[in-house]
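Below: the structure, in structure tokens.
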Amino acid sequence: MSGERRPLADRPLTEPHPSRLSPEHPDRARILAAHDAALAAGEAGYLDPESGLFVLSADFLARRGTCCGRGCRHCPYVDDPQSG
């Protein structure tokens, strides 16, 4: 739903939707720690501990005001597995 304005999902920005980061993901704790550090520092994102790619934080994505539809790991707009 690229560019569509919609409300944030009903969950904390620190908790990605399970369709974007499975509770069983082997690096989940490290990923969430990196994301939490980026949130605390007010940074736009963090380097993924597994791939080394830059991942945008939920706060950064929320401030943009829209879902880009690209499947972001921390998308604050996803409220079901088919969204975003």
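- Closest heavy-atom contact between Gly45 and Ala38: O-CB, 3.4 Å.
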field: Derivation of the side chain to side chain contact (heavy atoms under 4.5 Å, CB included) call for Leu56 and Arg64
entry: CA-CA 11 Å; Leu56 295 172; Arg64 283 186 11 191; 4.1 Å; yes
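- Contact record, Gly52 with Leu47: O-CD2, 3.5 Å, taken as the closest heavy-atom pair.
- For the pair Ile31/His25, a side-chain contact is recorded, criterion being any heavy-atom separation below 4.5 Å from C-beta on.
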message: The test is side chain to side chain contact (heavy atoms under 4.5 Å, CB included); show your working for His35 and Ser57 and say whether it passes.
response: CA-CA 6 Å; His35 182 251; Ser57 74; 3.8 Å; yes
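- Residues near Leu39 contribute nothing to a hydrophobic cluster around it, because no ILVMFWY side-chain heavy atom sits closer than 4.5 Å to its side chain.
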message: Using salt bridge (charged side-chain N to carboxylate O under 4.0 Å, His left out), reason through Glu15 and Arg28 one step at a time and then give a plain yes or no.
response: CA-CA 11 Å; Glu15 186 59 37; Arg28 181 179 172 86; 2.4 Å; yes
query: Could you walk me through whether Arg20 and His74 pass the side chain to side chain contact (heavy atoms under 4.5 Å, CB included) check?
result: CA-CA 7 Å; Arg20 302 294 173 89; His74 299 286; over 6 Å; no
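- Note that CG of Leu61 is 7.0 Å distant from SG of Cys68, once rounded to the nearest 0.5 Å.
- When the side chains of ILVMFWY residues are joined at heavy-atom separations under 4.5 Å, either directly or via intervening members, Leu21 and Tyr46 end up in a single hydrophobic cluster.
- Side chain of Asp48 to main chain of Ser51: a donor-acceptor pair is present (N/O by atom type, distance under 3.5 Å, no hydrogens or angles).
- When every heavy atom of Ala58 is checked against every heavy atom of Pro76, the shortest pair comes out as O-CG, 3.7 Å.
- When all heavy atoms are compared, the tightest approach of Leu8 to Tyr77 is CD2-CE2, 3.5 Å.
- For the pair Asp10/Asp79, no side-chain contact is recorded, criterion being any heavy-atom separation below 4.5 Å from C-beta on.
- In terms of hydrophobic clustering, with Ile, Leu, Val, Met, Phe, Trp and Tyr side chains grouped at heavy-atom distances under 4.5 Å, Phe60 and Leu13 are assigned to different clusters.
- Rounded to the nearest 0.5 Å, atoms CG (Leu32) and OG1 (Thr14) are 8.0 Å apart.
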